[in-house]
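A, B, ... follow the sequence lines: proteins, then strands. Residue 1 opens every chain.
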Protein chains: 2
Amino acid sequence: MADLDALRTLVAVGQTGSLSAAARELGVTQQAVSARLRTLESSLSSVLVQRSARGSLLTPTGVIVAGWAREVLAAADRFDQSALTLTGGRDKTLRLAASLTIAEHLVPRWLNIWRARVDEIPGVRLTAENSETVCRRLRDGDADLGFIETPDLPGDLDHVVVGQDELVLVVAPTHPWATRAEIAAPELARTPLVLRESGSGTRRALDAALQSAGTPRLADPAAELPSTLAVRGTVRGGFHAAVLSALAVDTDLAEGALVAVPVRGVMLRRALTAVWPRTGLTGAARSLLEAISGS
Amino acid sequence: MADLDALRTLVAVGQTGSLSAAARELGVTQQAVSARLRTLESSLSSVLVQRSARGSLLTPTGVIVAGWAREVLAAADRFDQSALTLTGGRDKTLRLAASLTIAEHLVPRWLNIWRARVDEIPGVRLTAENSETVCRRLRDGDADLGFIETPDLPGDLDHVVVGQDELVLVVAPTHPWATRAEIAAPELARTPLVLRESGSGTRRALDAALQSAGTPRLADPAAELPSTLAVRGTVRGGFHAAVLSALAVDTDLAEGALVAVPVRGVMLRRALTAVWPRTGLTGAARSLLEAISGS
DNA sequence: GGGGTTTACGTCCAACGTAATCATG
DNA sequence: CATGATTACGTTGGACGTAAACCCC
């Protein structure tokens with residue numbers, strides 16, 4: 001609805017107190033700022049800026065809209081920061097290889113913490129792939145540090161546990177299970193769920209957990225979808241339940257779009273492990289690991 | 001850097017598993033989707049989608065980028081939701097009037113909770129103004145429910161406390177105080193701070209708290225700025241400290257862009273109060289209040 | 001007169017839709 | 001041959017910069 005440039009403009013006006021100053025900061029003409037603002041104001045049908053002959057102030061409405069805008073811009077900045085790690089700098093960059101869930105949710109967070117603790121962090125290049133590939137890259141010297149979520153650790157690499165990932169049973173708020181206090185493991189196992197294709201890390205972890213809890217094997221899935229994204233979408237539709245990483249659904253849970261249902265009789269949890277070659281940690285990798293574990 | 005439509009497109013492709021399906025969902029031609037995707041891919045210089053003659057799948061990189069994109073889109077959706085409350089529907093809408101900090105940070109959150117708990121919430125119109133104006137609107141029948149953060153409650157309105165707002169002393173991570181265990185109230189009072197103009201609610205609250213703690217009056221400010229936005233920016237510059245609402249800086253604190261320093265010897269805290277006319281609460285207002293307090 | 005702002009106008013690029021082409025199961 | 005993707009091309013609208021005018025201390 002509202003484009004990012006318009007929001008950035010509003011915030012700049014709020015910070016500087018003048019359209020022209022905001023224009024200088026943004027590197028556009030003052031007229032462009034004026035135009036952007038009027039477009040934004042009309043699209044919200046609210047007056048956001050009190051213009052005057054010597055400076056402009058945000059109206060009360062402008063203040064709160066600018067506050068809301070800051071949230072969006074912060075999210076966009078985080079995206080840009082994360083995206084930068086895909087291409088990475090040239091030399092002296094820290095090369096990370098992480099399995100999907102970790103690369104998506106945890107690595108950006110860790111890099112943020114690292115940035116806050118260390119004055120100047122080196123460039124980072126992040127690649128996302130499955131656990132076996134992560135380990136192969138480390139052996140081949142194509143990566144300095146890896147993160148995996150499988151229980152089976154390779155013997156020829158050093159490792160340390162850096163966190164836990166919990167799997168949670170989620171349903172839409174309208175689903176019958178949404179109001180259940182808990183679901184017993186066997187009932188979960190025999191109910192058709194929305195699942196990733198077999199072989200996916202999350203599905204293997206669920207399988208393994210149920211098996212070690214002694215419940216019957218998983219029922220045939222209600223649907224088998226190629227991505228967590230698609231699974232989430234289907235669950236929000238309201239007809240089926242799924243088991244997903246807590247990391248993947250935490251915002252949905254916080255917003256109330258999905259509901260977590262406790263499962264009794266099985267430990268749905270797996271360790272997240274950092275791995276690196278026996279030849280040792282590079283300085284940057286060691287520094288990052290320290291930042292992660294110190295948090 | 002990346003525009004929202006491109007991100008939306010990527011997510012749609014991930015959910016549907018095909019460019020054409022995504023195009024239908026987005027209401028554009030399939031060619032447009034193809035073009036958007038290629039622009040995005042080249043701007044990130046990464047392959048995000050594995051195209052094939054019968055469907056397309058996200059690459060591992062595509063999966064994590066789509067995940068990051070979802071965060072941005074969720075933030076944008078929250079913005080749109082909040083922005084809707086500025087114009088509001090027509091009749092049967094709940095008219096809220098809130099002071100700035102509450103309107104900016106809390107009302108959107110409360111409405112989300114309300115939405116999650118009640119099947120269908122009515123339209124909402126939100127106006128932001130200072131506490132006196134909020135009360136006047138309630139008396140005049142121009143609003144159904146108000147939220148204020150002043151300690152002085154008008155006697156002719158009903159009220160209930162709905163939360164607490166904490167004021168926190170914040171500095172940049174590079175500021176000398178960033179590593180201090182605590183600051184004593186008198187030291188805070190005699191240090192020039194970055195403040196809002198006198199008369200602002202936050203400044204009055206700080207003044208009152210220090211006074212009731214028996215410390216000397218506040219020193220002359222290091223700078224007097226017209227908006228919290230500007231104050232935040234100056235503090236991030238690193239030279240000065242400020243006292244701001246915890247609500248206004250929580251994301252900065254979480255990201256490590258600012259550091260909170262405990263203050264000893266003074267209670268920097270104020271109640272957030274819902275107020276409404278003696279004539280009673282409307283049904284919608286009562287329902288909202290219940291959702292807030294039940295959370 | 002020196003910020004600060006708006007109005008007017010011409011330019012240009014980026015995004016889209018139509019149409020034709022290619023690939024695959 | 002139906003489905004899905006790309007390439008090619010012409011149109012257009014929105015966003016920007018230049019220029020001129022206005023307003024207030």
Side-chain N,O (Ser34(A)) to OP1/OP2 (dT6(C)) below 4.0 Å: yes
Presence of salt bridge, Arg203(B) and Glu224(B), under 4.0 angstrom: yes
Any Ser52(B) side-chain nitrogen or oxygen under 4.0 Å from OP1 or OP2 of dA23(C): no
Test item: side-chain donor near acceptor, Arg115(B) and Gln81(B), under 3.5 Å: yes
Rounded distance in Å - CD (Gln50(A)) to P (dT5(C)): 12 Å
Separation of atom CZ in Arg54(A) from atom C1' in dC24(D), rounded to whole Å: 10 Å
Electrostatic pair Arg51(B)-Glu41(B), nearest N-O below 4.0 angstrom: yes
Leu48(B) and its side-chain contact (heavy atoms from CB on, under 4.5 Å) partner, picked from Leu10(B), Leu58(B), Val13(B): Leu10(B)
Check ion pair Asp3(A)-Arg36(A) (N to O, under 4.0 angstrom): no
Pair Gln50(A), Ser52(A): side-chain N/O donor-acceptor within cut-off below 3.5 Å: no
Asp3(A) CG to dC16(D) C1', straight-line distance once rounded to whole Å: 14 Å
Runs of at least three consecutive pairs that involve DNA chain D, where pairs are Watson-Crick or G-U with distances under 3.5 Å: C:1-25 with D:1-25
Distance in angstrom units between Leu37(B) CG and dA15(C) C1', rounded: 14 Å
Between dC16(C) (P) and Leu26(B) (CG): distance, integer Å: 10 Å
Candidate nucleotides dT5(C), dA5(D), dC16(C), ranked by approach to the side chain of Ser20(A) - the nearest: dT5(C)
Nearest-nucleotide 5' precedence on DNA chain C, Ala53(A) against Arg38(A): Ala53(A)
Listed nucleotide nearest any side-chain atom of Gln31(A), set dT6(C), dG17(C), dA5(D): dT6(C)
Between Thr85(B) and Arg125(B): side-chain donor-acceptor atoms closer than 3.5 Å: no
Rounded distance (Å) that lies between atom P of dA20(C) and atom CD of Gln30(B): 16 Å
Rounded distance (Å) that lies between atom P of dT3(D) and atom CZ of Arg51(B): 21 Å
Nearest-Å distance for atom pair CZ/C1', residues Arg24(A) and dT5(C): 13 Å
